[in-house]
Structure formats: structure tokens, C-alpha cells
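Only a predicted model underlies this, so the values are computations on that prediction, with no experimental measurement involved.
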Amino acid sequence: QVQLVESGGGLVQAGGSLRLSCAASGRTFSSYAMGWFRQAPGKGREFVAAIRWTGGSTYYADSVKGRFTISRDNAKNTVTLQTNSLKPEDTAVYYCEKSIFIRATREVYEYDYWGQGTQVTVSS
């Protein structure tokens, strides 16, 4: 069993930054890839970024590449998403999710646990 708790969301102006954090409980955390997804009102859940279980490789959606950075600290059971140069279209609830694989993947069905989400709102 894994429990995930996201934090760090908020209201920011376009061009600003936020650092999203995910605290995980459960001894299997370090054995799996982790990802961030987001969901805007009226839309489906969208892949944002993922990181391999070792942290050695990362994977980003084209829409955030070069602006967002995912990282993890297995000793502290945390995953972080640094978001820079935010745009109004980045507005969504952001979810931290645990993969069923060790490699970083982008499909929603390849993740089996997620947190309650943290709201990110970017004003123009």
C-alpha cells in the first residue's frame, strides 16, 4: 500500500514558478517509477512528467519540456516537480502517481496510486 500527499500548489502569475512536492509512505516507493499528471476542468487526466525508479531517467510531455523538472529522493520518499515559466494553460489539479513499472511511462493506466492533488492556477 502506498499513500501519496501532494503540496505546493497555489495561484501564480504567468511566467512565475511553483515547486510541487509529493510525500510518499510505504516501503515500496523506491522500487517504482513515479509520475505527475494534471487535470483541467472538463478535461481528462494528462501526463506531465515521469521519473525512473532510480531517478536516472526522466520523461516529459512536449507541452512542459524545458519548463518543468521532475526529481526524486528515495531516502526521503519524496518526488518534486519544479514548474517554471508557467502559462495560463498549465492551470489544473496536479497529481503525483506511482507507476506499476520501474521505467518512466506516460499512460494513465500504467499508474495504480495517486494522491488527492494540488491546485495550480496561473493568471494571465
*asked:* By the side chain to side chain donor-acceptor pair (under 3.5 Å) test, which pairs, at least two apart or in different chains, include something from residues 7-19?
replied: S17-N84, R19-Q82
*asked:* According to side chain to side chain donor-acceptor pair (under 3.5 Å), does anything in residues 88-102 pair up with another residue at least two apart or in another chain? List the pairs.
replied: R38-D90, R38-Y94, R45-E97, R67-D90, K98-D112
Rounded to the nearest 0.5 Å, what separates atom [atom1] in [X] from atom [atom2] in [Y]?
X	Y	atom1	atom2	result
Q119	L18	CD	CG	11.0 Å
Y111	F101	OH	CZ	9.5 Å
S25	L4	OG	CG	7.0 Å
Q3	N77	CD	CG	12.0 Å
S30	I102	OG	CD1	12.0 Å
T80	E6	OG1	CD	12.0 Å

_T83 and V120: CA distance, side-chain angles, deciding distance, side chain to side chain contact (heavy atoms under 4.5 Å, CB included) verdict_ = CA-CA 10 Å; T83 67; V120 171; 5.8 Å; no
*Residues forming a salt bridge (charged side-chain N to carboxylate O under 4.0 Å, His left out) with K65, sequence neighbours excluded*: D62
*State, to 0.1 Å, how close P88 and A14 come at their nearest heavy-atom pair, and which atoms those are.*
CD-CB, 4.2 Å
*Between T105 and E107, is there a donor-acceptor pair closer than 3.5 Å when you use the side chain of the first and the backbone of the second?*
no
Min side-chain heavy-atom separation [X]-[Y] under 4.5 Å:
X	Y	result
R72	T78	no
Q1	Y113	yes
L20	T118	yes
W114	C96	no
S63	E46	yes
I100	Y109	no

*Find out if a path of hydrophobic residues (ILVMFWY) with successive side-chain heavy-atom gaps under 4.5 Å connects M34 to V2.*
yes
_Transitive ILVMFWY side-chain link W53 to I70, under 4.5 Å_ = no
_Between F37 and V108, does the side chain to side chain contact (heavy atoms under 4.5 Å, CB included) criterion hold? Intermediate values first, please._
CA-CA 8 Å; F37 288 75; V108 172; 3.6 Å; yes
*Check the pair Y59, I51 against side chain to side chain contact (heavy atoms under 4.5 Å, CB included), reporting the backbone distance first and the verdict last.*
CA-CA 6 Å; Y59 190 14; I51 186 166; over 6 Å; no
*With a 6.0 Å cut-off on ring centres, are Y60 and F47 close enough?*
no
*Report the C-alpha distance between L81 and T69 in whole Å, list the side-chain angles of each, state the deciding distance to 0.1 Å, and finish with yes or no for side chain to side chain contact (heavy atoms under 4.5 Å, CB included).*
CA-CA 6 Å; L81 185 70; T69 303; over 6 Å; no
